[in-house]
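Throughout, protein chains are lettered first and strands after them, A, B, ... in sequence-line order, and every chain is numbered starting at 1.
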Protein chains: 2
Amino acid sequence: MNRIGHIRQYDSGITIVAEGDEPSIIGRVASGVVRITQTLDDGRQQIVGLAMPGEYFGHFFRSGSAFMYEAATDVAACVFPQKPFEALLASHHGLEHTVMMGALRDLELSREWIMVLGCQNTFERVVSFMLHIHKRMRMAGVPTHDRFIEFPIGRRDIAGYLGTTVETISRHVQALARQRIIRILDNSHFEICNLGRLQSLSKQHWNAMAKSITTSELDSGVPQALKGKSWSQSGLA
Amino acid sequence: MNRIGHIRQYDSGITIVAEGDEPSIIGRVASGVVRITQTLDDGRQQIVGLAMPGEYFGHFFRSGSAFMYEAATDVAACVFPQKPFEALLASHHGLEHTVMMGALRDLELSREWIMVLGCQNTFERVVSFMLHIHKRMRMAGVPTHDRFIEFPIGRRDIAGYLGTTVETISRHVQALARQRIIRILDNSHFEICNLGRLQSLSKQHWNAMAKSITTSELDSGVPQALKGKSWSQSGLA
DNA sequence: CGAGGATTTGAGGCCACTCAACCGTTGTGG
DNA sequence: CCACAACGGTTGAGTGGCCTCAAATCCTCG
């Protein structure tokens, strides 16, 4: 696997794979966050997913890329040419199984997000985003951040992910702080003062959900050296 | 595969798998449409996906079900107990590969839908839904419906899928008919009068998208007997 | 220290939801 | 056979949440 792939660094804002690119690549995030976006003909664009450390991105068994992959922060990733990677999958069923588990988990997260976008108002979406990030931090195996939330991406990207605007996010975050549910440390760091209240505001049943996800992947595979103080290299977009 | 599974019929509206159900089942739709929903604590619910003929539904390699699976129309499905099915996947890599391809396709569709919900207004969503249905009809291998659209589910479910209301859908469908872009045959059947205009209204680049999906799965595997005049058994919800 | 970007705050307008009534179809019982 | 209820869909009027536009503030970096 190491023979066909190699580590590459991407600066924040760099496009890794453009929409429609033909001979595509597969990547595995080592550190940082990759944003997965799609663009409408009139230029509007929506962030449809985020790839965090340990997760794969790119298109398997497809010709053209329907999505664009960009570095939302400074990113280190292990990248593979598509064809050899697919050949590797065919010969190593254990690896194919791992990739499938990742796809199933992404599918589950995507469908949760469809619900967030489909029937929550913008306030609830902001809350859901915070809890979503909080959950994935724990999934990525970051231990110290139990009471804290770190936004891995800037307000503009969050707005793109939530299907709303930076102004609306700002208002709702400030409202949460006024209600003493969170405490604002700086633009991208928060302390959770009342986790129960936060969860109830999102209206999602975290009791049932938490275990089904958390127990799945703990082998994030991120080298210890990269697990430093912050899982996103804090090079905000 | 036939030894561990068996065909079962579900009447429209029946719950196949409830949220949180423990020993779950895997199913493959033979005819009809299965709706995949998620519920908020306060009762709001969102349709996060639809399973159409030839597609699998249910949870693989998970303990509790995060979603609810219901028959949106009268449904015939081949169902398997989860554990034996997973064992079958482990021993038949070809089947596992097929399931993975399905998961990857579902993921792609989910992300497209995230974009629809995240940055399109309700009018554009109605258009996208029509084209989405149109696309999946062709994927399911229904030949005659090139100029026609059939809503496989009722207005209530469409509203649940689009994250809007039945009233809003009604207004926009009527608007499309007034602009002579579609012609209303009955409540769930439409003729496309101007496909190009319809596609441009959705603002999605169908040129790039169409091929990448259509070329993938043609082995829908639906028995000929079920491919009759209508792929949904027209037992509308 | 100044320029630029990101975030916050404020005021106004529009889209879509809510509530309500109406219409066509279906199924049921007298 | 018709009356009636039940249901899904359509149409209309009013309201509110969120986007838009605009300006102030904070932070970063040269």
Side-chain angles (χ1 to χ4, degrees), chain A residues 11-13 42-46 72-74 116-129 150-178 182-190 201 233-237, chain B residues 11-13 42-46 72-74 116-130 149-178 182-190 201 232 234-237:
Chain A
D11 288 339
S12 174
D42 59 9
R44 280 177 289 180
Q45 61 180 27
Q46 170 73 28
T73 67
D74 287 349
V116 167
L117 293 179
C119 64
Q120 297 202 147
N121 60 34
T122 56
F123 181 73
E124 293 164 333
R125 285 183 218 175
V126 169
V127 174
S128 291
F129 177 75
E150 175 188 358
F151 282 177
I153 52 180
R155 292 285 192 281
R156 177 178 305 272
D157 279 342
I158 297 173
Y161 197 35
L162 298 184
T164 181
T165 61
V166 289
E167 296 93 328
T168 298
I169 292 169
S170 186
R171 293 182 229 277
H172 292 322
V173 169
Q174 300 300 322
L176 282 171
R178 271 195 302 277
I182 62 169
R183 204 162 58 87
I184 301 176
L185 304 179
D186 69 32
N187 276 341
S188 49
H189 294 81
F190 309 90
L201 282 174
Q233 289 187 338
S234 76
L236 300 186
Chain B
D11 287 340
S12 174
D42 59 10
R44 278 177 290 179
Q45 60 180 29
Q46 170 73 26
T73 68
D74 289 347
V116 167
L117 293 178
C119 64
Q120 296 200 148
N121 61 34
T122 57
F123 180 74
E124 292 163 334
R125 286 183 216 177
V126 170
V127 175
S128 292
F129 178 75
M130 287 185 152
I149 296 175
E150 175 188 356
F151 282 177
I153 52 179
R155 293 284 190 281
R156 177 179 305 273
D157 279 342
I158 298 174
Y161 198 35
L162 298 184
T164 182
T165 62
V166 288
E167 296 94 326
T168 298
I169 292 170
S170 187
R171 293 181 229 277
H172 292 322
V173 169
Q174 300 300 323
L176 283 171
R178 271 195 301 277
I182 61 169
R183 203 163 59 84
I184 300 177
L185 305 178
D186 69 31
N187 278 340
S188 49
H189 294 81
F190 309 89
L201 282 174
S232 82
S234 74
L236 300 187

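For the helix from C/dC1-D/dG30 to C/dG30-D/dC1, the rotation axes defined at the first and last 5 base pairs enclose an angle of 30°, given to the nearest 10°.
Summarising the geometry of A/Leu117 relative to A/Gly163, their closest heavy-atom pair is CD2-N, 4.4 Å, with the distance given to 0.1 Å. Heavy atoms only, all atoms of each residue included: A/Ser12 and A/Ala72 are closest at OG-O, 3.5 Å. When all heavy atoms are compared, the tightest approach of B/Pro152 to B/Thr73 is O-CG2, 3.0 Å.
The side chain of B/Arg156 places no N or O atom within less than 4.0 Å of a non-bridging phosphate oxygen (OP1 or OP2) of D/dG9.
When the P atom of D/dG9 is taken as reference, atom CG of B/Leu185 falls 16 Å away, rounded to whole Å. Separating the CZ atom of B/Arg178 from the C1' atom of D/dT11 is a distance of 10 Å, rounded to the nearest angstrom. Put simply, CG on B/Asp157 is 16 Å from P on D/dC7, counting in whole angstrom units. Rounding to whole angstrom units, CD1 of residue B/Ile153 and P of D/dG8 are separated by 14 Å. Nucleotide C/dG10 holds its P atom 11 Å from the CD atom of A/Gln174, rounded to whole Å. Note: NE2 (A/His189) to C1' (C/dT7) measures 16 Å, nearest angstrom. The distance between atom CZ of A/Arg155 and atom C1' of C/dT8, rounded to the nearest whole Å, is 10 Å. As a whole-Å value, the separation of B/Asn121 CG from D/dC18 C1' is 14 Å.
Closest approach to the A/Asn187 side chain among D/dC18, C/dT7, D/dT10 is made by C/dT7 (side chain taken as heavy atoms from C-beta onward).
Atoms CZ and OG1, from B/Arg171 and B/Thr122 in turn, are 9.5 Å apart once rounded to the nearest 0.5 Å.
Remark: the backbone N or O of A/Asp74 is not paired with any side-chain donor or acceptor of A/Asp11 at under 3.5 angstrom. Between the side chain of A/Arg156 and the backbone N or O of A/Val166 there is no donor-acceptor pair closer than 3.5 Å.
When the salt bridge (charged side-chain N to carboxylate O under 4.0 Å, His left out) test is applied to B/Arg44, the partners found at least two apart in sequence or on another chain are A/Glu124, B/Asp42.
Between B/Phe190 and B/Phe151, the angle of the ring planes lies from 30° to 60°, which puts this pair in the tilted group.
Only one option out of B/Ile149, B/Leu162, B/Val116 pairs with B/Phe129 in a side chain to side chain contact (heavy atoms under 4.5 Å, CB included); it is B/Leu162.
Near DNA chain D, meaning a heavy atom under 4.0 Å from it, residues 158-172 of chain B has B/Glu167, B/Ser170, B/Arg171 in order of number.
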